[in-house]
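Structure, as structure tokens:
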Amino acid sequence: MDKVLSVGEAIERFVPDGAGLVAVGGMHLQNNPMALVREMVRQYRHVTRLLTSPCGALNADLLVAAGLVEQIATSYVGFEHLGLAPAFRRAVEAGVLRVLECDEAYITHGLSAGAGGLPFVALPAGLEFADVWKANTESYCLVTDPFTGRKVLAGAPLAPDVALLHAAAADAAGNAVLAGAHFVDRSMALAAKTVVLQVERVVPTDQLSRQAVGTTIPGFLVQAVVEAPGGCHPTASHGHYRVDEAHLRRYLSLAASADGALSYLEEFVRGVTEQDYLRSVQAGASVGGEL
Amino acid sequence: MDKVLSVGEAIERFVPDGAGLVAVGGMHLQNNPMALVREMVRQYRHVTRLLTSPCGALNADLLVAAGLVEQIATSYVGFEHLGLAPAFRRAVEAGVLRVLECDEAYITHGLSAGAGGLPFVALPAGLEFADVWKANTESYCLVTDPFTGRKVLAGAPLAPDVALLHAAAADAAGNAVLAGAHFVDRSMALAAKTVVLQVERVVPTDQLSRQAVGTTIPGFLVQAVVEAPGGCHPTASHGHYRVDEAHLRRYLSLAASADGALSYLEEFVRGVTEQDYLRSVQAGASVGGEL
Amino acid sequence: MNGGAATPPSGWATGELMAVELARQLRNDDVAVMGTASAIPQVACGLARATHSPDLWFVAGGACGVNPHLAPTVASCCDEELLRSDTVLPLGDVVLLEGRGDVFTVFFAGGLQIDAYGNCNLVAVGDWARPALRGPGTVGLPFLSRVGRVLIYSLSHNPRTFVERVDFLGGPGFLDGPGSWVEAGLPGGGPAAVVTPLCTMDFDQATLRMRLRSVHPGVDVAQVVEATGFELVMPDQVTQTAAPTSEELAVVRRLDSSGVLKGR
Amino acid sequence: MNGGAATPPSGWATGELMAVELARQLRNDDVAVMGTASAIPQVACGLARATHSPDLWFVAGGACGVNPHLAPTVASCCDEELLRSDTVLPLGDVVLLEGRGDVFTVFFAGGLQIDAYGNCNLVAVGDWARPALRGPGTVGLPFLSRVGRVLIYSLSHNPRTFVERVDFLGGPGFLDGPGSWVEAGLPGGGPAAVVTPLCTMDFDQATLRMRLRSVHPGVDVAQVVEATGFELVMPDQVTQTAAPTSEELAVVRRLDSSGVLKGR
């Protein structure tokens with residue numbers, strides 16, 4: 001049961017153009033599955049609805065910059081201390097990207113609901129005082145707590161059709177181990193119908209950390225494994241390399257205009273293979289690290 | 001902020017007689033916090049409502065045998081391949097122990113709801129075809145899924161007043177690390193108002209495993225730490241020692257009658273200190289192991 | 001518990017035969033899950049992986065090792081040995097996935113009572129409020145409504161275990177039969193097979209009642225009928241369960257080197 | 001973003017002063033949580049632990065290190081460095097505990113807009129559906145309704161940030177003031193203090209509107225009034241924020257050895 005594919009094959013076989021709900025893993029400037037995201041751009045894979053972790057970054061902005069995202073379900077897209085997300089901001093302000101406004105609690109618990117077949121998730125009292133649910137009546141509504149009679153907020157389950165995720169390592173059967181922080185990546189894997197993993201390296205099964213409960217993704221949830229050392233660049237890969245802030249600043253500066261964004265895409269994504277990209281940015285030079 | 005107490009002090013200070021909802025950690029024959037449970041028996045601490053993990057064993061049966069439990073919320077009390085739980089069985093058949101019949105999904109997700117301040121948890125469609133909820137209308141009821149209009153099962157949050165838990169090690173501030181399988185012990189810690197931990201050893205903070213996301217309990221959730229090497233005996237302590245089946249069989253044989261149960265309690269619990277107990281059963285002889 | 005068991009006519013224990021017979025119900029694309037005291041289904045899955053279904057996945061619920069190495073097989077489903085496995089999940093995640101419904105294709109089940117429609121009861125015999133026999137509880141059996149195929153196994157085969165109707169429905173089988181089953185629209189596929197010390201059964205497509213499929217070596221049909229507290233559907237031809245092959249037994253004994261299935 | 005910031009009149013950076021001033025709002029029994037780009041509150045908590053509140057706990061949300069060692073402080077709240085800490089929680093557990101409401105006693109917040117009642121907005125300026133400025137999103141700010149004390153900090157202090165009413169209510173403060181606040185019966189205690197490059201503010205008990213408490217060294221009241229887009233409640237006496245002591249600055253610089261708070 002060898003699930004190891006090239007990045008091109010993995011996207012071609014497992015992410016249809018116009019896929020329904022596509023989740024991208026990683027959070028803020030860490031563990032973004034950029035090799036998979038770049039390949040989505042190369043293959044012009046449109047996404048009907050993109051779901052980020054509580055905090056999306058380049059994983060979302062690059063797909064938006066490429067014009068591939070129709071709707072986005074998120075509670076944050078930005079670059080933290082480096083600034084706002086240029087393509088996301090431009091697309092929303094221009095009215096060409098529909099936002100399904102979410103908050104962190106809903107994304108986190110909604111993914112659990114998706115993983116668990118829970119029909120919906122009832123959210124803590126008080127969250128309804130934020131305007132979020134009023135802006136997103138598709139994902140949220142009010143429900144009466146049957147135990148107290150109080151009106152509380154309910155969220156619909158989040159069950160991605162596809163999750164694009166990064167892990168430190170996996171075996172050929174798709175058993176994967178996460179390094180560092182996990183964010184909601186494991187939840188996305190549990191909730192998604194199809195999981196495409198990029199990893200720093202493919203390893204034999206017996207090298208996976210077995211007893212660390214909760215640090216792994218079992219292979220029966222995974223459809224494809226892509227060996228992509230350096231593949232989170234320019235974001236960080238926990239256990240392997242830090243964020244490349246200089247490259248991110250270059251992206252932010254270019255993507256500040258629509259034309260600039262296109263030239264970034266041409267220079268760093270569409271015009272180059274993943275191997276060439278990594279060589280050009282010298283990513284993965286320090287790849288190694290322990291699981 | 002030194003939270004290390006003797007087992008006697010910990011129960012005396014943090015578990016009032018007649019406590020509302022008391023959760024006992026561990027599952028089946030593993031990681032039962034028996035040092036704490038035995039001390040509950042020694043101090044005649046009555047429990048209004050005892051909550052087990054999805055599968056309780058000696059942790060519940062001993063408290064029932066001692067006549068300390070008024071109600072029990074559980075989805076299983078038994079000794080697996082060794083047989084039924086004698087005291088639990090006798091008390092329920094005699095009508096002196098009220099059972100809040102639960103299933104594994106409700107205990108697991110209900111604890112998450114307790115930890116998360118979720119007003120209730122909506123359970124997967126289909127679970128309502130089991131009779132469980134009809135036997136426990138206090139914990140379960142039907143609710144209309146606001147997104148589909150379908151009737152589904154809802155469970156009330158499980159937020160223990162006290163959780164009695166075992167961990168492999170903790171520092172004096174209550175930061176704890178779990179070894180082996182975690183069952184729902186971390187969920188109990190997250191959901192409980194007061195957490196009393198027994199550990200194989202108290203260690204300096206810098207010996208705790210820091211980067212293993214999800215294997216720890218942070219000290220701000222913990223009120224008391226009891227160093228109790230061998231304290232899971234006769235159940236197993238993952239990472240430290242195996243189950244003592246001979247002793248469990250002896251318990252099962254004695255506790256098959258009410259009188260026998262009392263003589264077990266006298267010989268192994270009330271009549272002896274924890275130190276004497278461990279010496280008499282030679283538990284903890286092999287205690288050591290790595291975190 | 002083994003009151004109704006056949007004396008093994010040759011060199012295998014009842015538990016070993018049952019593991020072999022359960023393994024034959026498994027497929028290469030299965031993802032199986034099991035719970036309490038599940039040494040038999042664990043060995044069944046290990047055997048399937050070692051023979052006809054190398055890509056089968058199984059999760060030993062409790063400890064939640066994924067494809068535990070069973071070196072050796074252990075009696076408690078929460079034993080630390082089960083963490084010697086390809087990966088390990090937290091219990092909470094396994095419970096989530098049981099609810100998701102489209103992940104696990106096989107769920108091993110059992111009970112103090114098992115009825116003609118494959119409903120299981122591990123809670124109480126008699127009136128729930130004041131039971132004649134209080135069982136341990138239902139654990140994850142309500143999830144039977146959501147999985148692909150339910151494989152039921154029981155070390156007891158007698159009229160107290162195999163009853164017309166469970167006193168407490170803890171694990172949904174085909175409920176009250178065809179009408180109720182269709183109306184319920186459960187996401188799962190329902191019970192697929194039942195393996196006991198005497199025989200292997202499945203379910204009649206029309207009535208959804210339990211049907212005898214094969215009697216184990218050394219057992220005759222009359223014994224099964226007598227040991228069953230309801231009227232079994234009888235096929236035109238009752239076959240004999242194939243004895244474990246020497247290859248099957250060799251694998252079983254490699255996995256169960258300490259003899260848990262032999263009751264050691 | 002620093003448009004309204006005072007030029008530091010002596011040897012400390014604005015971010016350093018803000019961390020020091022936030023630390024002064026913390027207590028020994030606090031359990032604090034913070035999110036995106038939270039180097040300033042992280043250093044504030046580290047400083048509090050190193051000085052007056054050794055038993056304070058803090059969780060650097062994102063990576064979710066508990067009492068991260070800040071050696072050194074990092075800019076991204078998800079940076080792996082934050083796992084160098086006493087313990088680490090999974091993000092999902094921190095999100096659960098934020099909802100539990102009685103665990104975290106301090107929540108650090110901010111926004112593109114902060115209004116007179118301490119409501120925060122990180123989502124959109126203008127009409128949500130077609131915003132003049134689309135912000136990143138609200139992340140965990142809706143939880144502000146459930147924690148003990150909300151400590152707001154902002155690197156911008158100008159009339160675009162400090163507005164009479166947020167365009168989008170992402171993080172509930174005192175809502176529309178006393179009536180609405182009481183009626184809502186929120187479990188949290190509401191906003192407690194606001195620290196900016198110019199001043200420290202709190203909230204008037206009667207009106208629940210933001211009130212000037214102290215101006216930072218080198219800043220005068222008129223500057224604050226001009227930089228604020230709503231009418232600030234003025235106390236009888238506006239004090240001057242105490243300058244960071246040399247001990248405070250030494251700790252800050254030990255924790256932030258790479259100078260993140262200096263904008264390096």
Side-chain angles (χ1 to χ4, degrees), chain A residues 26-31 52-56 74-85 88-95 99 101-109 111-112 123-132 134-135 179-184 186-187 214 236 238-239 242-243 245, chain D residues 1 35-37 39 61-65 75-83 88 90-92 94-96 98-101 119 121-124 126 128-146 166 168-172 175 180 184-188 260 263:
Chain A
M27 189 153 145
H28 279 307
L29 309 177
Q30 323 287 326
N31 293 4
T52 71
S53 80
C55 296
T74 188
S75 64
Y76 181 104
V77 184
F79 288 76
E80 243 185 322
H81 57 294
L82 303 179
L84 298 174
F88 169 72
R89 178 186 169 183
R90 187 165 51 245
V92 179
E93 291 172 6
V99 180
E101 199 74 47
C102 299
D103 73 309
E104 183 170 30
Y106 168 55
I107 289 184
T108 308
H109 301 329
L111 282 168
S112 287
L123 295 165
L127 296 198
E128 70 276 15
F129 285 97
D131 285 341
V132 178
K134 296 174 197 160
H182 303 169
F183 310 121
V184 295
R186 291 187 68 259
S187 292
H238 279 197
R242 308 292 300 271
V243 63
E245 288 205 2
Chain D
M1 292 278 279
T36 297
C64 299
S76 170
C77 76
C78 290
D79 196 292
E80 194 176 357
E81 281 294 321
L82 291 166
L83 303 180
V88 178
L91 176 64
V94 173
V95 176
L96 283 172
E98 287 176 336
R100 192 177 131 171
N119 301 302
N121 168 23
L122 195 59
V123 170
W128 174 82
R130 196 64 187 272
L133 168 62
R134 170 67 209 198
T138 205
V139 208
L141 290 180
F143 278 128
L144 296 192
S145 61
R146 291 187 68 82
V166 287
F168 185 98
L169 202 168
L175 305 175
S180 64
L186 297 185
V260 172

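All values derive from a computational prediction rather than experimental measurement. Each chain gets a letter, A, B and so on, in the order the sequences are listed, and its residues count up from 1.
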Checklist entry - Got a sec, which residues hit ring pair (Phe, Tyr, Trp, His ring centres under 6.0 Å) with D/Phe143, two or more places apart in sequence or on another chain? => result none

Item to check | Region of A/Ala105 in contact with chain D, defined by heavy-atom distances below 4.5 Å | outcome: both

Item to check | Spacing of A/Glu101 atom CD and D/Thr138 atom OG1 [to the nearest 0.5 Å] | outcome: 7.0 Å

Item to check | Under 4.5 Å from any heavy atom of chain A - which part of D/Ala124 | outcome: neither

Checklist outcome for this item: The interface call for D/Cys78 against chain A, heavy-atom contacts under 4.5 Å, is both

Item to check | Side chain, backbone, both or neither of A/Leu127 within contact of chain D (heavy atoms, under 4.5 Å) | outcome: both

Next on the checklist: Under 4.5 Å from any heavy atom of chain A, what part of D/Leu175 do you find: side chain, backbone, both or neither?
Outcome noted: side chain

Item to check | Region of A/Gln30 that comes under 4.5 Å of a non-hydrogen atom in chain D | outcome: side chain

Checklist entry - Is it the side chain or the backbone of A/Val99 that comes within 4.5 Å of chain D heavy atoms, both, or neither? => result both

Checklist entry - Is chain A contacted by the side chain of D/Asn119, its backbone, both, or neither, given a heavy-atom distance below 4.5 Å? => result neither

Checklist entry - What's the verdict on side-chain contact (heavy atoms from CB on, under 4.5 Å) for D/Ser76 and A/Val243, showing C-alpha distance, side-chain angles and the deciding distance? => result CA-CA 10 Å; D/Ser76 170; A/Val243 63; over 6 Å; no

Checklist entry - Do the side chains of A/Asp131 and D/Val123 get nearer than 4.5 Å, heavy atoms only? => result no

Item to check | Test side-chain hydrogen bond (donor to acceptor under 3.5 Å, both in side chains) applied to A/Ser112 - qualifying residues, sequence neighbours left out | outcome: none

Next on the checklist: I'd like to verify something: which residue of A/Cys102, A/Gly78, A/Gly95, A/Gly214 has the highest number of heavy-atom pairs under 4.5 Å with chain D?
Outcome noted: A/Gly95

Item to check | Structural part of A/Ala85 lying under 4.5 Å from a heavy atom of chain D | outcome: neither

Checklist entry - Looking at A/Glu104, A/His81, A/His109, A/Glu93, which one has more heavy-atom pairs under 4.5 Å with chain D than the rest? => result A/Glu93

